[in-house]
Protein chains: 2
Amino acid sequence: MTNIRKVAELAGVSVATVSRTLKTPDIVSPGTRDRVLAAVEQAGYRPNLMAVQFRSQRTRNLVVLVPTIANTFFARVIGGIQEAAQRRGYGILLCNTLGDERAERAYAGMVSTRQADGLIQLRAYDPFGASSAEARPPMVNACEVLDEAPCPTVKLDNRAAARAVTEHLLSLGHRRIGMIKGPRNSPLTRDRLLGFQDALAAAGLAPDESLWCPGDFTLRSGHRAAGDLLSQSEPPTAIFCENDEMAMGALRRIREAGLRVPEDISVAGFDDIAFASFCDPSLTTIAQPAEDFGRVAVSLLLDVIDERDEAADQHCIMPFELVVRESTGPSA
Amino acid sequence: MTNIRKVAELAGVSVATVSRTLKTPDIVSPGTRDRVLAAVEQAGYRPNLMAVQFRSQRTRNLVVLVPTIANTFFARVIGGIQEAAQRRGYGILLCNTLGDERAERAYAGMVSTRQADGLIQLRAYDPFGASSAEARPPMVNACEVLDEAPCPTVKLDNRAAARAVTEHLLSLGHRRIGMIKGPRNSPLTRDRLLGFQDALAAAGLAPDESLWCPGDFTLRSGHRAAGDLLSQSEPPTAIFCENDEMAMGALRRIREAGLRVPEDISVAGFDDIAFASFCDPSLTTIAQPAEDFGRVAVSLLLDVIDERDEAADQHCIMPFELVVRESTGPSA
DNA sequence: TGCTTTGATGTAACCGGTTACATTTCGTTG
DNA sequence: CAACGAAATGTAACCGGTTACATCAAAGCA
């Protein structure tokens, strides 16, 4: 193991001079500098970053808690996080939590124990629980955010987006609109449901809970829920799914029932994942700037870490766009 | 910052006793142990893992280089890596390289500089280049592997799998079979092409390079390549795509051309991603144990890190399975 | 010449654990 | 009671950088 002392010996200088040559070359005389750099080269010296981190009490790593990496939307968010972090010289420690709060708390401990400088949580759960405000490690909550988040947040106006989708369906003449929801207890699902109801109320329609089906954001759950809706005595003429995976599951189930989309029934999704524009029929959905969620989250987190106070309580609302494709059409 | 010295003072013992109480409680007398644990509790002490890692020269982190996290197959592999690493007490530092060799070498440097104990590379590129055999940091190459990998590997017998798909198409009577390939220079693509040719040769058919289209594993490239194949004067009656994303892009393009799958043309994919069984028509494909790739890679890597020599040169071949669904049918 | 200033470099403390070795305590046995 | 061994605990070196402070030489100035 070549360390700084070996290099110092090789160059005939002190360890301080070696350190200075690498960190602040301008305060070292040119002659010494060259000798040190030659010694570094000769010894194949790479500073031991563990020592550097230990000394500076900074790891330049960020923990990212993701409910499930298999979800393509989260994959895009992570891509954005990774890119932004890399550009700022940070690495990301990825933790696939599968929504397990015990695992999330364990991973959050990596910040408390100095294995990472901060944490990005993509789910509505605070892994630091009742830590006193003083002791709270740097954290940012993105995508699915807590209502009273104790940290900066990055989210979509899910209520407005869901309302926009619903209004689109209403404008096509649909009056019986089914909904395939996400997991209960999720603020995200609650907000999308509220936006859905907002639109119905504005159109003078009474909410009909028999048309709301639970789901869990997977293809399979969308498939099953669509089956439940179709088997009702008076099935809906349109289905709003809280994400694209469930919408694609629903498309499949509808086809299996011998019905056509959108002629017999319309389907709308949420997220605009890559598959949304390639499936059959292509999906009407809400496009979100997934990568930007990640980039903004990193930016806010580094502000907190560096104690740039202006960021202490920032809450970003990201823009969305209704993308109308083939899966929605006039009510039969 | 509460550190071990504060706790020692609080408990009225030496730092060594505190350390021993936490690491090897059995060699500390019960009375002292209780006093120390009470002090730990009272001080809210959490050991600074940076210091522990620094001292032990182990970070218990693994770097994972993934070409693109947006690919659902890799997402599954990463899920397996994450799960296995977590179970063994390791964290994973995820690096989305987008195939950029400069970025890969930079990330690989995290191992050389002791920010991580080892590296899993999911692409056929050796980021440590010409490092002498002695100095090579622990590494495992999985999924797309180098031909002469200087480390343990985990891969599929891509040639045999491609041959199985092709034989399936041949058995349905197809004689003009198109192929949508992955990126050139990829051993994975080369092997799948070889398997494809093996099957054709065994059936007494001459290879026809005009039916081979380049792609890059994205939906879009499959879409474009399928367009190229369909516009030929004598289009193929079946298309074998080197992954499911491209196959789904092809499905879309074929539908846009007013043709039906599998009545007019058959399509086969590779990977069996979640969407493969939900798209329309569902995809005939090769199922791979994606999560197992990750688990095995972690296991081999930890063997190398812990210098269990038996693993030094292991090359695992993972099993595959041909899954026949709706997208392939008899030749017209 | 003598004194101060500036620039370059060296010395050693420090970060917070771990652990080899030294020391103390205590029980056991002749 | 002395002597010994085992168990419990303390002391301090150590990991590999960083950096405050000390030191020293050379230059500037009266």
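Throughout, a chain's letter reflects where its sequence line sits, starting with A, and its residues are numbered from 1.
Look at N3(A) and you'll find a side-chain N or O under 4.0 angstrom from OP1 or OP2 of dG16(D). The phosphate of dA7(D) has neither OP1 nor OP2 within less than 4.0 Å of any side-chain N or O from S29(B). At the phosphate of dT18(C), OP1 or OP2 sits under 4.0 Å from a side-chain N or O atom of S19(B). A sub-4.0 Å separation between OP1 or OP2 of dG16(C) and a side-chain N or O of Q57(A) is present.
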Close N or O pairs between protein and nucleotides 10-13 of chain D (under 3.5 Å):
from    : atom 1 : to     : atom 2 : distance (Å)
dG10(D) : OP2    : S14(B) : N      : 2.8
dG10(D) : OP2    : S14(B) : OG     : 3.0
dG10(D) : OP2    : T17(B) : OG1    : 2.6
dG10(D) : N7     : R20(B) : NH2    : 2.8
dG10(D) : O6     : R20(B) : NH1    : 3.2

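Contact annotation for V28(B): backbone-only contact, meaning every heavy-atom pair under 4.0 Å involves sugar-phosphate atoms and none involves a base.
Nearer the 5' end of DNA chain D, as judged by each residue's closest nucleotide, is the contact made by P30(B), out of P47(A) and P30(B).
Using a cut-off of 4.0 Å between Lys/Arg side-chain N and Asp/Glu carboxylate O, E144(A) and K155(A) are scored as not salt-bridged. Between R87(B) and E83(B) there is a salt bridge, since at least one side-chain N of the basic residue sits less than 4.0 Å from a carboxylate O of the acidic one. The residues E291(A) and R295(A) are annotated as not salt-bridged, no charged nitrogen and carboxylate oxygen being separated by less than 4.0 angstrom. A salt bridge links R58(B) with D306(B): the distance from a Lys NZ or Arg NE/NH1/NH2 to an Asp or Glu carboxylate oxygen falls below 4.0 Å. Salt-bridge annotation for R123(B) and E101(B): present, with a side-chain N of the basic residue lying under 4.0 Å from a carboxylate O of the acidic one.
Here the P atom of nucleotide dG16(C) and the CG atom of L22(B) are 16 Å apart, to the nearest Å. Regarding M50(A), its CE atom lies at a distance of 13 Å from the P atom of dC15(D), rounded to whole Å.
Contacts with DNA chain D (heavy atom under 4.0 Å) in residues 33-46 of chain B: none are found.
Partner N48(B) forms a side chain to side chain donor-acceptor pair (under 3.5 Å) with one of Q115(A), R114(A), Q57(A) and no other, that one being Q57(A).
Using a 4.5 Å heavy-atom cutoff, the side chains of F128(A) and C151(A) are not in contact.
Side chains of Q53(A) and Q53(B): a donor-acceptor N/O pair is absent below 3.5 angstrom, by distance only. A donor-acceptor contact closer than 3.5 angstrom is absent between the side chains of R102(B) and Y107(B).
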